[in-house]
Number of protein chains: 2
Amino acid sequence: MSTPNSAPTVIDVAKLAGVSISTVSRILNGNSRVAKEKQEAVTRAITQLNFEPNLSARSLRGGASKLIGVLTQELQSPYFTAGTIGIEDGLANTGYAPVLMPTHWNVDQEIERARLLLARRVDALIILGGNLSDEQIIELAKKIPVAVTDRKLDAPNIHSFYFDQLEGGRLAVNHLIELGHRRIAHIAGPPTQSDSIERREGYLRAHRDANLSIDPKLLVDGNFLETGGMRAMLELLERTRDFTAVFCANDQTLIGARLALYRKNLRVPEDVSLVGFDDVPQLMYLTPPGTTIRQPTQEMGFAAARAVLRALGADVEAKTHPPLSLVIRETTRALA
Amino acid sequence: MSTPNSAPTVIDVAKLAGVSISTVSRILNGNSRVAKEKQEAVTRAITQLNFEPNLSARSLRGGASKLIGVLTQELQSPYFTAGTIGIEDGLANTGYAPVLMPTHWNVDQEIERARLLLARRVDALIILGGNLSDEQIIELAKKIPVAVTDRKLDAPNIHSFYFDQLEGGRLAVNHLIELGHRRIAHIAGPPTQSDSIERREGYLRAHRDANLSIDPKLLVDGNFLETGGMRAMLELLERTRDFTAVFCANDQTLIGARLALYRKNLRVPEDVSLVGFDDVPQLMYLTPPGTTIRQPTQEMGFAAARAVLRALGADVEAKTHPPLSLVIRETTRALA
DNA sequence: CGAAGGCATGAAAACGTTCCCGTCTAGATC
DNA sequence: GATCTAGACGGGAACGTTTTCATGCCTTCG
């Protein structure tokens, strides 16, 4: 009312309701008893003025911004999208809101963005994957609670969530072996990436468990993207056609590989069986729908959100996420 | 230094550098001249203390939060993801950060989230699509600058960005007609959605322009999702097989339709040609890669970001986005 | 009937920043 | 050499909230 063009403050509300500022605040936070009539007068004033408390002021005073920083990688990656959705779900109706900061697999940008989030005084940090070192994350956790996914990290104030990538790789390849495949190729992810290395390890483990030998010609590197999957599959076909199945390091790789096979007039799964990793939504609509290792990423994001909320003292129940599982669809077939 | 466990403030910096608070502030904002030696002392103190200005305080004092609220729909939708990435790009290195608030095509949630963003005192609002009424958006624009996509809305303090959906539909269907197709089906979006209606209008327009009659049997509704595309295609095939091409209201619809054709052992494009709408990234990796109408959504997000930045007085250049265009890939073929 | 205690309420400080104003110093002009 | 001026710098208020503390009234019990 006073300054017509700027947002109403608690003072305006107090004036209109004929009470003190303190009383208004008390009613807003509901932590102390006030007389029923003032209660009503104040709520009436609030709706009349369309008052919303200024969260900057609240944050400044109380030290809590009610903001959760989320450090994510490429937004276009369906894997990270799922995690983000999970976080969003986990934060819903808690009064906390996520601030999304995409970085692009770039460590410098990641620490820069982390600083930015701290400057905004986010109450906690959720880090989805990324390339920060354990030490850097431990450093961040000295200031605010941190949840981090896709790595195992035991340290104070840190909650880590991850899936057993080796076991996933083993599951995938074991499925192929059980279907009778013996010549199984592998399109890996980036050679330095830890998930990539572990999944490859699972591929090796499954072979060892079944007493199968490894042919190095059947191992080729990709980049976790469709482009890499396509290129890798073409290179593989260049080298040899003596394989009946391919374990792709992730679903995007599988999708690229599938297109390469189409280009070469090879049928899936009649000529080549494919298994992916992640279970991104679009794999269900591949032609044919893709067999893969499901990572419940959304549930993991949810669990991460709940973990930081609990660290902040919120009264929400903890949540664990289910483990990896094999999802059998139609890109794999049993050898006769 | 004073309170070891909480973040350093401008006061700590001033003490350490042996200058006044005002001087530190001046240096931080670089708007006034200060002696070179103090300049250096302060910057040294800042790095030594690892000081980051508290943005809540800054926001409270100056009224600017350096936050741009983004109201988006489903995060998993590739269409909105692209817009978000564009916004992110447009905001990069400007000191502004986006706060993403996904709503789920739910008007109540949208206004609720918009209130939340205002309470956080975001400096501007970008609304990607959504179901808010024009009046509701105009109301919001009375408080802060607003950019809105996917609708035409001329009002003070509002920048709207949109593509000519009717023209897009016309382009798609005209392409099919030029390829010699005469019996062209259409899987529409939700019947009440305006984009859906306009694209359908484009389908009709192209027919009229070519003096082709419309067969109502060839019109069926979807829901802009893969599920709907699949269901609609199956229903269409149930009704008649007398068509050679289908214009799908968006790419997700096309992807679902494509799977339905696979299920029925119909080949794409040999038996049925398909055109989609949007050009989502995964369409390039469909088997075969899909022909579609490209909406430069990312560029639109970028333009929207720039528009609100300019409205806030930032010195960035305006950006317009390119129009719709036909992208010819491999789901369409010329009839002999 | 008087004192004590509890409860509703208001006043005021504090959070960390920016920015207006006033002061002081140093250099310049006569 | 004295006065004027401009520029560098510091003091302090203000942004909107929460919260502690004090105050005054009413109730209750001895």
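Reminder, nothing fancy here: chain letters follow the sequence lines and each chain counts from 1. Predicted model only: the values in this text are computed from it and were never measured.
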d(NZ, A/Lys36; P, C/dC7) in whole Å: 16 Å

Degree of bending in the helix from C/dC1-D/dG30 to C/dC30-D/dG1 once both end axes are built from five pairs, to 10°: 50°

side-chain hydrogen bond (donor to acceptor under 3.5 Å, both in side chains) partners for B/Gln193, two or more places apart: none

B/Lys66 NZ to C/dT17 P, straight-line distance once rounded to whole Å: 16 Å

Distance in angstrom units between A/Leu60 CG and C/dT18 P, rounded: 12 Å

Mutual orientation of the aromatic rings belonging to A/His321 and A/Phe161 [parallel < 30°, tilted 30-60°, perpendicular > 60°]: tilted

Spacing of B/Leu28 atom CG relative to C/dC19 atom P, expressed in whole Å: 11 Å

Nearest non-hydrogen partners of A/Pro156 and A/Ala141, listed with the distance: O-CB, 3.9 Å

Smallest separation among heavy atoms of A/Asn106 and A/Asn131, with atom names: N-ND2, 4.4 Å

Contact letters for nucleotides 9-14 of chain C, in which S counts primed atoms plus P, OP1 and OP2 and B counts the base, heavy atoms under 4.0 Å: BBBBBB

B/Asn54 side-chain N/O to C/dC15 phosphate OP1/OP2 under 4.0 Å: no

All pairs passing side chain to side chain donor-acceptor pair (under 3.5 Å) where residues 18-27 of chain B contributes a residue, at least two apart: B/Ser20-B/Thr23, B/Ser25-B/Asn29

Sugar-phosphate only, base, or nothing, as touched by A/Ser25 at under 4.0 Å among non-hydrogen atoms: base

Rounded interatomic separation in angstrom, taking CD1 from B/Ile27 and P from C/dG16: 20 Å

Non-hydrogen atoms of A/Phe80 and A/Thr72 that approach each other most closely: CB-OG1, 3.7 Å

A/Pro145 to A/Leu312 - nearest heavy-atom pair and separation: CG-CD2, 4.0 Å

Minimal non-hydrogen separation, A/Ile137 against A/Leu153, with atom names: CG2-CD2, 3.8 Å

Protein-nucleotide distance (A/Arg58, atom CZ; C/dT17, atom P), rounded to Å: 21 Å

Span of DNA chain D in contact with chain B (heavy atoms, under 4.0 Å): D/dA8 to D/dG16

Exercise: identify the closest heavy-atom pair between A/Gly95 and B/Arg120: O-NH2, 3.6 Å

Pairs meeting criterion salt bridge (Lys or Arg N to Asp or Glu O under 4.0 Å) with involvement of residues 128-140 of chain B, two or more places apart: B/Asp134-B/Arg151, B/Glu139-B/Lys142

Partner of B/Leu128 by side-chain contact (heavy atoms from CB on, under 4.5 Å), out of B/Leu71, B/Asp150, B/Ile87: B/Ile87

